[in-house]
Amino acid sequence: MTRVVVVGDLMTDAVARARYALARASDTPAIVTMHGGGSGANIASWLAVEGAEVAFIGRRGADITGRNRDMELMGYGVDARLVMDPERPTGTCVVLVTHKGERTMLSDPGANAALSPEDLPRDLFTSGAHLHLSGYTLVNEGSRDAGLAALDMARRSGMSISVDCASSAPLDRTGAEPFLEWTNGAKLLFANIDQAKVLTGRDDAEAAAKVLTAWFPQVIIKMNAEGALWFSNGRPDPVRVAAEPVDKIVDGTGAGDAFSAGFLPPWLAGKPPAESLAAGCRLAAKAIMHLGARPPF
Ligand SMILES: Nc1ncnc2c1ncn2[C@@H]1O[C@H](COP(=O)(O)OP(=O)(O)OP(=O)(O)O)[C@@H](O)[C@H]1O
Ligand SMILES: [Mg+2]
């Protein structure tokens with residue numbers, strides 16, 4: 001089994017689900033719950049519960065929250081290599097969910113913004129292992145050098161590499177060109193439709209994927225309720241898989257992270273793309289039917 005090394009962000013998600021329409025500048029009753037989050041740490045957690053051998057490299061604060069997040073990762077079976085920041089707090093994201101289910105996120109990266117190349121344990125970068133780099137590490141300026149160093153170390157040690165695109169707004173601020181340049185050498189790119197549009201200017205998933213195969217041998221586009229497609233450099237047609245039916249959308253947070261974690265193990269084992277896509281959609285559906293972005297314990 002291929003060991004997966006995830007480099008990325010670790011957060012606490014404070015999810016507030018409003019009962020009524022938001023009363024701006026006043027009070028609105030809500031259900032507020034705290035969850036482990038951070039795209040990179042979410043992927044590592046889902047991978048671990050899927051039975052993969054997985055390490056996570058990230059940065060936390062010297063606070064109780066950071067300790068809880070660390071223990072939580074261990075509980076999932078992740079080999080968590082967290083560096084403690086002496087000043088910055090563990091990252092927190094306020095997730096505001098309106099009574100209609102619309103999500104707005106206010107994200108404070110905290111210690112994640114100081115992840116540095118020295119934080120990367122050399123022993124994890126070995127030939128035969130796989131690096132998954134969270135796009136947030138690259139689009140956030142403070143951690144960019146660490147992301148670039150991880151890519152460099154992985155290339156030098158002959159590891160295979162996958163990258164995701166973080167989120168469309170910060171990706172747009174970063175710019176398509178630098179992002180594509182930095183991630184050169186990755187074998188696989190994960191993007192959702194909005195991110196694919198930022199990178200290529202194309203609305204159509206298939207057209208965007210085709211453009212992206214000029215940079216990446218393999219490209220995945222996640223298409224919400226329409227599932228996902230895989231496109232490979234040199235192939236005439238994409239492989240499409242429909243989304244798994246979902247009884248009730250409880251919380252969409254982390255669907256994309258779960259998708260990546262479902263996709264990677266069969267893909268690394270050399271399974272056909274349709275099978276790997278289906279595994280991604282299956283795990284994404286599981287994430288959607290449960291509160292929080294992490295697997296249920
Ligand atoms: N309404 C839905 N019904 C069923 N499956 C869904 C639905 N929305 C998303 N999915 C599944 O989740 C996967 C990832 O969702 P999406 O395309 O939104 O990616 P993402 O934007 O990276 O994720 P997120 O919105 O969590 O950041 C999809 O490929 C699909 O399999
Ligand atoms: Mg989405």
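Note that ligands are numbered from 1 as they come in the structure, with each ligand's atoms numbered from 1 the same way.
The closest protein non-hydrogen atom to atom 25 (O) of ligand 1 is Arg103 NH2, 3.9 Å. The closest protein non-hydrogen atom to atom 21 (O) of ligand 1 is Asn192 ND2, 2.7 Å. Nearest protein heavy-atom contact of atom 15 (O) of ligand 1 is Ala255 CB, 4.1 Å. If you check which protein heavy atom lies closest to atom 6 (C) of ligand 1, you get Ile288 CD1, 3.3 Å. Nearest to atom 3 (N) of ligand 1 among the protein's heavy atoms is Val246 CG2, 3.8 Å. Residue, atom and distance of the protein heavy atom nearest to atom 22 (O) of ligand 1 are Lys222 NZ, 2.8 Å.
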Please determine whether side-chain hydrogen bond (donor to acceptor under 3.5 Å, both in side chains) holds for the pair His130 and Ser162, giving the CA-CA distance in whole Å, both sets of side-chain angles, and the decisive distance to 0.1 Å. CA-CA 8 Å; His130 176 81; Ser162 55; 2.8 Å; yes
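In this structure, the side chains of Glu72 and Phe297 come closer than 4.5 Å at one or more pairs of heavy atoms. Contact check for Phe263 versus Arg282: no side-chain heavy atoms found under the 4.5 Å cut-off. With a 4.5 Å cut-off on side-chain heavy atoms, Leu277 and Val239 count as touching. When side chains are defined from C-beta on, Thr253 does not count as touching Asn42, because their heavy atoms never get closer than 4.5 Å.
Applying the 6.0 Å contact sphere to CZ of Arg202 captures no more than 12 heavy atoms from other residues, nucleotides or ligands. By the neighbour-count criterion of 12 heavy atoms within 6.0 Å, atom CG of Asp123 is densely surrounded, having more than that number from other residues, nucleotides or ligands.
There is no side-chain donor-acceptor pair under 3.5 Å between His132 and Ser134.
Counting atoms of ligand 1 from 1 in the listed order, those under 4.0 Å from a heavy atom of Gly254 are 26 (O). Atoms of ligand 1 found under 4.0 Å from any heavy atom of Gly252, numbered from 1 in the order shown, are 26 (O). The ligand atoms of ligand 1 that sit less than 4.0 angstrom from a heavy atom of Cys281 are 31 (O). Close approach of ligand 1 to Ala243 (heavy-atom distance below 4.0 Å) involves ligand atoms 4 (C), 5 (N).
In this structure, Asp152 pairs ionically with Arg156, as a charged nitrogen and a carboxylate oxygen lie closer than 4.0 Å. Under the 4.0 Å criterion applied to side-chain N and carboxylate O atoms, Asp251 and Arg17 are not assigned as salt-bridge partners.
Within the structure, the closest approach of Glu244 to ligand 1 falls below 4.0 Å when heavy atoms are considered. The shell of residues lying under 4.0 angstrom from ligand 1, judged by heavy atoms, includes Gly227.
Among Asn224, Asp164, Asp194, the residue whose heavy atom lies closest to atom 16 (P) of ligand 1 is Asn224. In this structure, of Ala278, Gly280, Gly256, the residue bringing a heavy atom nearest to atom 24 (P) of ligand 1 is Gly256.
The shortest N/O to N/O separation between Ala284 and ligand 1 does not fall below 3.5 Å. Checking only distances, Phe259 never comes within under 3.5 Å of ligand 1, N or O to N or O. Of the polar atoms of Ile249, none of the N or O atoms is found under 3.5 Å from an N or O of ligand 1, judged by distance alone. Considering backbone and side-chain atoms alike, Gln195 places every N or O at 3.5 Å or more from each N or O of ligand 1.
Note that Lys286 lies outside the cation-pi zone of Trp46, set by a 6.0 Å cut-off to the ring centre and a 45° limit from the axis.
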